[in-house]
Amino acid sequence: MKITLKDGSVKEYSEAKSVIEIAKDISEGLARVAAAGELNGEIVDLRTVVSEDANLNIITLSDPEGLRVLRHTVSHILAEAVKRLFPNAKVTIGPAIDEGFYYDFDAEPFSREDLDKLEAEMKKIIKEGKEITRFTLPREEAIKFMQERNEPYKVELIEDLPEGSEISFYDQGGFVDLCAGPHLMSTKNIKAYKLTSSSMAYWRGDSNKAKLQRIYGSAFAKKEELEAYLQRLEEAKMRDHNKLGREMGLFTTVDVIGQGLPLFTPKGTKMIMKLQRWMEDLEDKEWGYVRTRTPLMAKSDLYKISGHWDHYMDGMFILNKDDEDKETMALRPMTCPFQYYIYMNEQHSYRDLPYRMAETSTLFRNEDSGEMHGLTRVRQFTITEAHIILRPDQAEEELTRCTELCNYVMKTLGIDGDVTYRLSKWDPKNKEKYLGDEEYWNSTQQYLRSVMQKNNIPFTEEDGEAAFYGPKIDIQAKNVYGKEDTMVTIQLDCASAENFGMYYIDENGDKALPWIIHRTSMGCYERTLAWLIEHYAGKFPTWLCPEQVRVLPISDKYIDYAERVAAELKKNDVDVTVDSRSEKIGYKIRQARMDRLPYMLVVGQQEEADGTVSVRSRFAGDEGVKSLDAFIEQITKEIRTKEIRQEMPAEEK
């Protein structure tokens, strides 16, 4: 057989050989760093036997796929360590992920001390240098095999596989785990790994199933790479909005109020108000939307018409459900059916479309407690929501306008470089979760796909992420830890109008069903604020800052002048305070820097006499003495244009 390698060279063999044997034949050094093979474009285990002509690339530990194999192997070593130290724990799943790996266990919560003990046990396992072998069993034998080991979660996973399947296992010297692989050849030579945290999770992500304990970790081929990753992780913790936002006094949470229900302080509230006023003016004055205001709750009848009662009830807060004497109500998880009735309040012709309705909508979602985090996943949130009622022939233009608006918003916020696009599709294996048939979904998905292609928008595709009534363009962003969240959605809905009896009068005088675009322009204000905190590490553009200027009198004698300066700035809609404390000016400047203020105005005898201010900023350090009028002109232009000034390097300040 002929094996064509990545560089185009060809190896010939008279008999079948495994991938690792071929790697050794190429180079013993290559075999030592080999993690997997790429056989005819598919990632395979090193133990895979090649018996016919093929293209083969040896995947090393320095390759992204090789790193995933390393991390997957380390997750199994973690599982063995857990079984050694906590014999009653039950193992579930332990995949490699973008930044490392995790493994879920049915066990008591793990403390940091437990993680340290597990790391020490992992070191022992690695030092033993056990060979890792792969074997398979028929499905029924595999079920019995795991039943004998009292691993019910593995049994359930095997039972979900088709009858007649051949099930693969990996044995690392006595510890056996159900796994499709691939894995390294042995546990030896793994030098760089770290268990980073633990948290609660649900079996198969379902809150109705067992609560599990998840251990996160990471592994690298070299210690230097691990150290660099851990350094990045520490920096991420410093930027974590859940930590930094609280330290900056932007929001807080209180146990007696509830998880996922943040309280915004005056500073945090001011930031959200600035975002909200900007978005409302942008949509209404520049993008052709009309504004609506609708109730925060409705009878169950509304949600039954929309389909949310059947498809989304678990995510809703329902009132009076078991009280026969009262109407069953629900807090709204979305605004669309409310706005539909505003559209239907008047008759519309084809000339009236598109009809764009926008609302600053407060919504309620009954999120699982284990899913909530800071401001990114909450139970009450406010969103820049809109629904566009349109003729089918207008859909391409309107969808393009929606992407353009989102791009404009993100560019203005300075976060356009952080996002990726995803086409979120239905799950054809679970058709009962969705409205419409396969033809409906294929056609609507292709419509969104073509819009992004025509607009040269790179995107990925993901099954099972669509809304129950239609596919979505999701704009995704990662937090400081690498976890991806949906920031903005644009959804195409060709099914709901019929359910509500929505129509327009077409050019022939007949009733016609419109299409609907559900969209946000910035998304959820809470999540956007979290994103901005992490992106800017709290050093926001001047227009967004809750405190844009702090006036610092050199001594008490100049407080009156400082107040006059502040009054002039306030007249020009600048958010300003005066630090009138009896502290040295150096202390006041350091405090203002720690508070991440864009501007400080130092005033003393000379400034008062000349009507000037001594300007210091995050962007240029000491900007010198300026007339008050000149500074007001400078900062109001910066705020009005939403300029994002570059930060001055710390060593130059």
Side-chain heavy atoms of [X] within contact of [Y], under 4.5 Å:
{"X": "K431", "Y": "E438", "answer": "yes"}
{"X": "L78", "Y": "Y216", "answer": "no"}
{"X": "L448", "Y": "L399", "answer": "yes"}
{"X": "E159", "Y": "I143", "answer": "yes"}
{"X": "I93", "Y": "L157", "answer": "yes"}
{"X": "V82", "Y": "V91", "answer": "no"}
{"X": "I473", "Y": "M452", "answer": "yes"}
{"X": "S51", "Y": "K17", "answer": "no"}

Within 45 degrees of the axis of the six-membered ring of F220 and under 6.0 Å from its centre: does R71 put its NZ or CZ there?
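Yes, a cation-pi geometry.
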Would you verify whether the NZ or CZ of R149 falls within 45 degrees of the ring axis of F145 while also being under 6.0 Å from that six-membered ring's centre?
yes
Would you call [X] and [Y] a salt bridge, taking side-chain N to carboxylate O under 4.0 Å as the test?
{"X": "E151", "Y": "K90", "answer": "no"}
{"X": "E113", "Y": "K117", "answer": "no"}
{"X": "E461", "Y": "K425", "answer": "yes"}
{"X": "E465", "Y": "R422", "answer": "yes"}
{"X": "D171", "Y": "K130", "answer": "no"}
{"X": "E21", "Y": "K24", "answer": "no"}
{"X": "E121", "Y": "R84", "answer": "yes"}

[X] side chain vs [Y] backbone, donor-acceptor pair below 3.5 Å:
{"X": "Q491", "Y": "G470", "answer": "no"}
{"X": "N479", "Y": "G482", "answer": "yes"}
{"X": "S186", "Y": "K188", "answer": "yes"}
{"X": "H241", "Y": "W531", "answer": "no"}
{"X": "S168", "Y": "C179", "answer": "yes"}
{"X": "T48", "Y": "V44", "answer": "no"}

Can a donor-acceptor pair be found between the side chains of [X] and [Y] at a distance below 3.5 Å?
{"X": "Y153", "Y": "D106", "value": "yes"}
{"X": "T136", "Y": "E166", "value": "yes"}
{"X": "Y202", "Y": "D104", "value": "no"}
{"X": "W203", "Y": "E156", "value": "yes"}
{"X": "S496", "Y": "D493", "value": "yes"}
{"X": "Q172", "Y": "T187", "value": "no"}
{"X": "D310", "Y": "Y303", "value": "no"}
{"X": "S424", "Y": "D474", "value": "yes"}
{"X": "D114", "Y": "S111", "value": "yes"}
{"X": "D45", "Y": "Y170", "value": "yes"}

Should the heavy atoms of other residues, nucleotides or ligands under 6.0 Å from [atom1] of [X] be counted, would the total exceed 12?
{"X": "K11", "atom1": "NZ", "result": "yes"}
{"X": "E148", "atom1": "CD", "result": "yes"}
{"X": "K144", "atom1": "NZ", "result": "no"}
{"X": "Q147", "atom1": "CD", "result": "yes"}
{"X": "D7", "atom1": "CG", "result": "yes"}

Under the ring-ring contact (aromatic ring centres under 6.0 Å, His included) criterion, do W426 and Y440 qualify, and how do the steps go?
CA-CA 11 Å; W426 78 323; Y440 168 80; 8.7 Å; no
Write down the atom of A466, the atom of W441, and the distance for their closest heavy-atom approach.
CB-CZ3, 3.6 Å
Taking all heavy atoms of A477 and all of V419, pick out the closest pair and write down the distance.
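Reported closest heavy-atom pair: CB-CG1, 4.3 Å.
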Would the [X] and [Y] ring centres measure less than 6.0 Å apart?
{"X": "H308", "Y": "F468", "answer": "yes"}
{"X": "H518", "Y": "Y469", "answer": "yes"}
{"X": "F105", "Y": "Y103", "answer": "yes"}

Would you check, one step at a time, whether the test side chain to side chain donor-acceptor pair (under 3.5 Å) holds for T420 with Q476?
CA-CA 5 Å; T420 57; Q476 307 286 109; over 6 Å; no
Going by side-chain contact (heavy atoms from CB on, under 4.5 Å), E534 matches just one of N242, T376, D418, V480. Which one?
V480
Spacing of [X] atom [atom1] and [Y] atom [atom2] [to the nearest 0.5 Å]:
{"X": "S306", "Y": "D301", "atom1": "OG", "atom2": "CG", "answer": "11.0 Å"}
{"X": "I318", "Y": "T328", "atom1": "CD1", "atom2": "OG1", "answer": "8.0 Å"}
{"X": "D53", "Y": "M1", "atom1": "CG", "atom2": "CE", "answer": "8.5 Å"}
{"X": "M334", "Y": "I383", "atom1": "CE", "atom2": "CD1", "answer": "11.0 Å"}
{"X": "S198", "Y": "Y102", "atom1": "OG", "atom2": "OH", "answer": "14.5 Å"}
{"X": "I43", "Y": "N57", "atom1": "CD1", "atom2": "CG", "answer": "8.0 Å"}

side-chain contact (heavy atoms from CB on, under 4.5 Å) assessment of T73 paired with I132:
CA-CA 9 Å; T73 302; I132 300 174; 3.7 Å; yes
Check against side-chain contact (heavy atoms from CB on, under 4.5 Å), I158 and R139
CA-CA 7 Å; I158 299 170; R139 179 176 177 274; 4.1 Å; yes
Aromatic plane relationship, F135 with F169 - under 30° parallel, 30 to 60° tilted, over 60° perpendicular:
parallel
Given salt bridge (charged side-chain N to carboxylate O under 4.0 Å, His left out), test D427 with K433 step by step and report yes or no.
CA-CA 8 Å; D427 181 359; K433 293 171 56 179; 5.3 Å; no
Yes or no on salt bridge (charged side-chain N to carboxylate O under 4.0 Å, His left out) for E131 and R47, after CA distance, side-chain angles and deciding distance?
CA-CA 12 Å; E131 182 183 358; R47 302 158 189 81; over 6 Å; no
Report the C-alpha separation of L331 and N366 in whole Å, then their side-chain angles, then the decisive distance to 0.1 Å, and conclude whether the side-chain contact (heavy atoms from CB on, under 4.5 Å) test is met.
CA-CA 10 Å; L331 298 177; N366 193 6; over 6 Å; no
